[in-house]
Each structure stands twice: as C-alpha cells, then as structure tokens.
Amino acid sequence: MRERILLCLAHMSGKEQDFIKEAFDANWVVPLGPNVNGFEKDLEEFVNSSKSKVNCQNCEEREPLDKKVVALSAGTAAVHLALIACGVGAGDEVLVQSFTFCASSHPITYLGATPVFIDSEKESWNMDPELLEEAIKDRIAKTGKKPKAIVPVALYGMPYKIDKIMEIANRYGIPVIEDAAEGLGSRYCGQVLGTFGKYGVLSFNGNKMITTSGGGALICDNDEDKNTIMWYATQARESYPYYQHEAIGYNYRMSNICAGIGRGQMTIINDHIAHHRHVQELYCELLKDVKGITMHCNPAPEYDSNFWLCTATLDPDLKIKGQENAYKTIITGAVGGAAGVIHAASTATTDCQPNDNVEALRVCLDKANIEARPLWKPMHKQPVYKNAPAYVNGVSEALFATGICLPAGPYVTDDDVRYIVDTIKASII
C-alpha cells in the first residue's frame with residue numbers, strides 16, 4: 001500500500017545532529033547560546049541577499065540591505081513582539097489580512113487591541129491595497145486615530161503587493177509588519193519578503209520551508225530594534241545584579257538545541273525552495289489540460305513565490321465522485337497535521353465552507369493516502385471574530401469556497417505528483 005503523501009513536512013539534512021551534539025558537548029542546552037547566534041547570522045545573510053536580475057520593468061534597483069534577525073520560540077511570538085514594538089495596546093486597532101491563519105490576528109487580541117480585517121485582491125490572493133486605504137480613511141473617521149500597524153500575509157508563500165502597501169503605509173505613517181511565516185525565501189522584485197516593512201515574521205514550524213521543530217524569527221530594521229525585541233523576549237530585565245522588571249516581558253527566545261537544528265536546515269534551504277518550485281511546475285504541466293482545475297501561479301514577473309504549498313481552485317460546476325455525500329456526517333478530528341486537542345463539532349456544516357466538490361475531492365485524495373486541505377478560512381468569517389470590523393470584497397470567501405492545497409514538501413517526489421494528479425483525474429465525473 002502506498003505510504004501517505006503528506007501536505008508539507010520539512011526534511012532533515014543530517015547536519016542538524018552535528019550542531020545539536022555541539023550544544024550538548026558545550027553544555028548549552030538552554031535558551032540562547034552559540035547556535036542561536038549562528039542561526040541568526042545565517043538568517044541575516046539569507047534575508048539580506050537579493051537577486052539583481054528580475055525580468056520586470058516595474059522593479060527598480062534597491063539599496064543593499066542590512067536587516068537584523070532575532071530567533072524566537074514561534075512565529076506567533078514574533079507577531080506578538082512586533083506588535084508590542086509598534087506600540088500596540090489596549091483599545092488600538094491593527095489592520096490585518098483576513099485570508100490567513102489565526103496566528104496573524106490572535107496576537108492582536110492578546111494585547112487588548114482589535115483586528116480590522118482587510119480582504120484580498122484576485123491576483124496574489126493577499127491584502128488588497130485599495131481596501132487597505134479605504135479602511136485607513138474609514139477607521140480615522142470613525143475612531144479619530146490611525147490604526148497602529150498593518151499586517152499583510154504571504155499566503156502559501158505568494159508575495160503581496162508590497163510596493164503599493166508600503167506606499168500607502170508610508171503616506172499615513174503606519175508601520176508594516178510583514179507576516180512572511182509561509183514565505184521564507186519568497187521574493188518581490190528580487191527582494192526577500194519580510195525585509196520591506198518595519199518588521200518581518202518568519203516561522204520554522206515542522207511544516208514550513210525549514211524547521212527548528214518549532215520556532216520563528218523576527219526581521220528587524222537595525223541593531224536598536226533587534227535589542228529591543230531581544231529585551232522583550234527575555235523577560236524585559238533591567239541592568240541590576242538582581243531581577244528588576246519595569247515592563248512586562250516574555251519567555252520567547254529560541255533554545256540553543258532548536259537553533260542547532262535551524263543551522264543544519266540553513267545548509268539546504270535553497271534546495272527546499274527549488275524543490276517546491278519544481279513541484280509547482282510539475283502540477284501546472286500535468287493539470288494544464290484538465291478542465292475545471294486552475295493552479296495558482298505567480299501573477300507577474302515581480303512575484304517569486306516559494307510555493308510553500310501548491311494551491312488550486314475548482315470550478316463550481318466541476319463534478320467529483322461522492323460529491324452528493326459531502327458534509328453529510330460530522331468528522332471526528334481536525335483536518336490538517338498534528339491538530340492537538342480539538343472540540344467536537346456540533347454540526348457537519350457552517351455558514352462559510354468549501355463547495356461540495358472541494359470537500360469531495362479532499363475525501364477522494366484522503367482515501368488514496370494523499371493529504372489535502374481546504375484553503376484558510378477567512379478570519380472575518382470566523383465566529384471568534386464576528387464583531388471585528390472588516391472591509392471585504394468577496395474575494396477570500398470565493399477562494400475559500402473553491403480552493404484546495406496539494407502536497408508540495410521535500411518528501412513529495414515526481415512520481416508522487418503524477419500519482420496525485422492521476423487520482424484527481426480519476427475523481428472527476
């Protein structure tokens with residue numbers, strides 16, 4: 001029987017064991033340490049690199065970068081600390097992309113602030129700059145003050161329209177926190193995502209482009225910002241011979257062991273990115289003549305996605321085997337990875353869900369030992385955010401209704417992709 005083909009799982013190179021052994025030999029089995037410092041330097045070198053040749057007339061020469069990186073315990077921690085550094089507090093508002101995972105918006109609520117959700121544009125599926133500016137004007141008119149930050153998200157690795165977003169943000173004097181958790185190695189006009197705004201968020205969860213088993217990082221403008229983030233991440237201690245705290249801090253630094261894994265992963269990051277892009281190209285080639293299925297690709301030359309996940313949309317009229325049984329029974333577990341503890345659903349359906357043919361295809365793939373998932377459900381349609389302001393145009397809801405994620409990780413071979421595509425074709429009526 002064919003082994004289960006997972007959606008995305010980072011691949012270990014073998015180098016990780018050397019760095020972990022070094023940590024144990026040096027007795028650095030705690031947060032901070034030589035591996036943390038080394039991992040941060042490796043990341044800084046990577047994010048400050050640029051591609052000088054981009055086949056796009058809109059891309060201008062950019063100044064060399066000198067960004068700094070802080071290694072943290074999770075990408076969510078990076079979002080949280082970036083918001084704090086931007087002065088977000090109780091009663092404030094933060095403009096955040098609606099089409100994303102909850103880790104982009106939950107930290108806003110940790111601080112007693114309110115997420116204001118911005119819908120997507122059709123090309124990249126990410127934050128719509130026109131809606132963004134509309135929301136800024138409307139929030140100022142309604143509240144008498146500007147939102148404290150803007151959080152665009154690199155959905156499935158695809159770059160956002162960062163030039164337009166930055167132009168709007170700079171005009172209104174609002175800092176940008178790029179959530180590039182899914183976009184490590186993705187570029188816009190040759191520049192790495194996460195390096196355009198005031199801060200950039202990275203994630204090294206087990207299913208990301210590289211992993212530290214868990215973990216994340218925050219890209220900062222300069223050493224001063226980096227030191228501020230590190231201070232908050234290490235319990236905000238003052239310089240006394242005893243523990244003195246004049247601000248609330250957090251235990252958010254990455255461990256020396258996890259950083260050792262990260263250093264090993266950095267030796268193969270370019271291989272991982274190249275593999276994901278190869279898998280995307282293979283899906284596009286094999287599915288190009290299949291009516292009713294459209295792969296999501298780079299919309300223009302300035303976009304250079306890492307294709308963390310390969311995504312497709314299904315025409316609503318496409319018929320899939322078993323479609324008549326979609327959502328007829330309540331599933332017993334959460335779809336997608338190691339979900340942890342979940343609540344049992346009370347109904348099989350909600351008021352916003354993928355179309356029946358999308359769910360039917362997911363089930364067909366699952367029966368063939370292929371893991372697939374729906375796209376992220378927009379945050380403005382999540383019950384927990386039912387009272388949050390939202391500026392919508394219907395794009396993210398339409399994509400959620402028709403979209404599906406296909407396996408793309410380093411363990412996915414060319415034969416796996418062919419098997420997946422053959423299964424998809426066999427599922428179509």
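Everything numeric here is computed off the predicted structure, so don't read it as measured data.
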Practice task
Please check if atom CD in Glu45 has more than 12 non-hydrogen atoms from other residues, nucleotides or ligands closer than 6.0 Å.
Solution key: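 No.
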Practice task
Assess whether atom CD1 of Ile248 is packed by more than 12 heavy atoms of other residues, nucleotides or ligands within 6.0 Å.
Solution key: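 For Ile248, atom CD1 is not crowded (no more than 12 foreign heavy atoms under 6.0 Å).
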Any side-chain donor-acceptor pair under 3.5 Å between [X] and [Y]?
| X | Y | answer |
| --- | --- | --- |
| Asn369 | Glu3 | no |
| Thr228 | Asp225 | no |
| Ser124 | Tyr303 | no |

Exercise for the section: Please confirm whether Tyr391 and His380 have ring centers closer than 6.0 angstrom. Expected result: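 They do not qualify: ring centres at least 6.0 Å apart.
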Give me the atom names and distance for the closest heavy-atom approach of [X] to [Y].
| X | Y | result |
| --- | --- | --- |
| Val153 | Ser104 | CG2-OG, 3.7 Å |
| Leu365 | Ile420 | CD2-O, 4.2 Å |
| Glu44 | Val69 | OE2-N, 3.0 Å |
| Gly183 | Leu193 | O-CB, 4.3 Å |
| Cys220 | Val70 | SG-CG2, 4.2 Å |
| Trp125 | Phe99 | O-CD2, 3.5 Å |

Exercise for the section: Could you pull out all residues at least two apart from Asp422 that satisfy side-chain contact (heavy atoms from CB on, under 4.5 Å)? Expected result: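 Not a single residue meets the side-chain contact (heavy atoms from CB on, under 4.5 Å) criterion with Asp422.
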Do NZ/NE/NH1/NH2 and the carboxylate oxygens of [X] and [Y] come within less than 4.0 Å?
| X | Y | answer |
| --- | --- | --- |
| Asp66 | Lys68 | yes |
| Glu40 | Lys226 | yes |
| Glu134 | Lys137 | no |
| Lys161 | Asp128 | no |
| Arg171 | Glu167 | yes |
| Asp304 | Arg187 | no |
| Lys145 | Glu93 | no |

Handout entry: Sub-4.5 Å side-chain heavy-atom contact between Cys405 and Leu375
Key =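 Heavy-atom side-chain distance check passes, below 4.5 Å.
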